[in-house]
Amino acid sequence: KSNSTALWAHKETNHLLLHESLFCYLTPSANSFFNKILSISNSQSHVAMNTRTSSGSEILNTRIEIKHSWIHIICLLLLLLISYSRSESQIITIDVHKANDLLRNGDYRYLDVRTVEEFEKGHTDFDDALNIPYMLDTSKGRVKNTNFMEQVLLLCSKDDHLVVGCQSGIRSAYATTILLDAGLKHVYNMGGGYLAWVEKGLPVANKTPKVEL
């Protein structure tokens with residue numbers, strides 16, 4: 001009994017860690033629904049464990065139940081990501097050459113959503129580039145910057161033209177969605193991020209960011 005309880009507790013902890021990590025990339029509405037699914041799955045696993053009467057089969061049945069809950073969570077999460085990517089504001093992704101052209105010849109400004117540490121190691125060569133992290137490095141790993149939108153609006157207006165970039169194009173896509181949902185109309189996501197920028201041989205700078213938040 002104690003062994004099966006420890007197993008369930010270990011699996012439940014892994015569920016919570018998965019949820020905490022994925023939360024950073026889910027929209028608020030998707031996260032709310034996913035949180036309910038996670039709670040139901042954990043409850044089902046716990047009930048299934050407690051209702052087994054045979055000590056010999058209890059652990060095996062618990063493992064099967066938890067395995068099934070993992071599969072359900074992953075499938076539901078994939079469906080949520082597909083569903084909400086269609087329902088939320090549609091982002092426009094441009095390649096690094098198009099981004100470079102807009103930033104140098106248009107009225108667009110570069111918003112780098114990587115961490116300050118990443119920015120300082122190297123970034124696109126624009127004097128007016130902004131560095132506002134979408135995620136922050138902490139002792140527990142990376143977590144979502146809950147003040148991201150507030151920090152953006154302190155430095156930008158909703159009429160500003162922005163090209164959003166990160167290291168590889170993932171964080172910037174989520175950040176772009178948040179910006180569009182907040183009412184900014186002229187926002188592009190830079191596909192491939194800084195890695196693609198460097199790969200294509202476009203100008204880079206290694207210096208302390210002009211703006212740190």
Side-chain angles (χ1 to χ4, degrees), residues 13-14 16-28 30-31 77 81 85 88-89 91-104 106 108-158 160-182 184 186-213:
T13 299
N14 287 338
L16 293 174
L17 289 174
L18 173 68
H19 175 230
E20 182 178 346
S21 175
L22 292 172
F23 169 80
C24 298
Y25 295 104
L26 290 175
T27 60
N31 179 73
L77 179 57
L81 290 176
S85 66
E88 300 288 348
S89 299
I91 69 173
I92 299 177
T93 298
I94 58 177
D95 63 28
V96 292
H97 291 296
K98 177 64 175 179
N100 185 51
D101 182 59
L102 288 175
L103 292 164
R104 297 194 185 281
Y108 279 80
R109 190 175 189 182
Y110 190 69
L111 172 59
D112 194 321
V113 297
R114 297 178 299 162
T115 64
V116 172
E117 292 77 14
E118 288 175 303
F119 190 95
E120 289 179 337
K121 291 178 181 178
H123 55 89
T124 57
D125 189 17
F126 297 103
D127 290 336
D128 62 347
L130 297 172
N131 177 217
I132 305 176
Y134 175 72
M135 298 185 72
L136 302 170
D137 286 329
T138 71
S139 58
K140 296 183 179 180
R142 283 189 176 173
V143 299
K144 187 175 180 180
N145 178 10
T146 57
N147 297 318
F148 174 75
M149 197 63 241
E150 177 184 349
Q151 293 171 347
V152 170
L153 292 178
L154 285 175
L155 300 170
C156 306
S157 74
K158 292 187 176 182
D160 282 356
H161 294 62
L162 299 173
V163 172
V164 185
C166 63
Q167 189 74 355
S168 62
I170 298 177
R171 279 172 286 174
S172 60
Y174 288 101
T176 299
T177 298
I178 290 177
L179 293 171
L180 291 171
D181 289 343
L184 281 78
H186 312 290
V187 184
Y188 288 114
N189 173 52
M190 188 175 80
Y194 182 68
L195 293 178
W197 185 276
V198 173
E199 181 182 356
K200 298 301 182 182
L202 296 172
V204 299
N206 297 86
K207 59 185 179 181
T208 302
K210 184 177 181 180
V211 178
E212 295 184 21
L213 293 175

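- The shortest side-chain heavy-atom distance between Lys144 and Ile178 falls under the 4.5 Å cut-off.
- With values rounded to the nearest 0.5 angstrom, Cys156 atom SG is found 8.5 Å from Leu179 atom CG.
- Contact annotation: the side chain of Asn189 never approaches that of Thr177 to less than 4.5 Å [non-hydrogen atoms, C-beta and beyond].
- Interatomic distance, CG of Leu155 versus CD of Glu150, reported as 11.0 Å (0.5 Å rounding).
- Considering CE of Met149 and CG of Leu154, their distance stands at 10.0 Å, rounded to 0.5 Å.
- His123 places none of its side-chain heavy atoms less than 4.5 Å from the side chain of Asn131.
- Aromatic ring orientation, Tyr188 versus Tyr108: tilted (interplanar angle from 30° to 60°).
- Atoms OH and CG, on Tyr134 and Asp112 in that order, are 15.0 Å from each other to the nearest 0.5 Å.
- Taken to the nearest 0.5 Å, the CG atom of Leu136 stands 8.0 Å off from the OG1 atom of Thr146.
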I'd like a table of donor-acceptor pairs (distance under 3.5 Å, sequence neighbours excluded) in which one partner is a side-chain atom from residues 161-168, with atom names and distances.
residue	atom	partner	partner atom	Å
His161	ND1	Asp159	O	3.4
Gln167	OE1	Arg114	NH1	2.8

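- For Pro133 against Phe148, the heavy-atom pair with the smallest separation is O-CD1, 3.4 Å.
- Formation of a donor-acceptor pair under 3.5 Å by the Glu118 side chain with backbone atoms of Thr115 is found in this model.
- Contact of the Val113 side chain with the Met135 side chain is not registered, since no non-hydrogen atoms from C-beta on lie closer than 4.5 Å.
- Taking each heavy atom of Ala196 and Gly191 in turn, the nearest pair found is CB-O, 4.1 Å.
- Annotation: side chain of Met190 is in contact with side chain of Val96 (closest heavy-atom distance under 4.5 Å).
- Proximity of a side-chain donor or acceptor of Lys98 to a complementary backbone N or O of Thr93 within less than 3.5 Å is not detected.
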Test side-chain contact (heavy atoms from CB on, under 4.5 Å) applied to Leu184 and Asp160, step by step: CA-CA 7 Å; Leu184 281 78; Asp160 282 356; 5.6 Å; no
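- Side chains of Asp95 and Lys200 form no contact here, defined as non-hydrogen atoms less than 4.5 Å apart.
- The backbone N or O of Leu130 lies less than 3.5 Å from no partner atom in the side chain of Arg109, so there is not a single donor-acceptor pair.
- A donor-acceptor pair is defined here as one N or O able to donate and one able to accept, closer than 3.5 Å; no such pair exists between the side chain of Thr124 and the backbone of Phe126.
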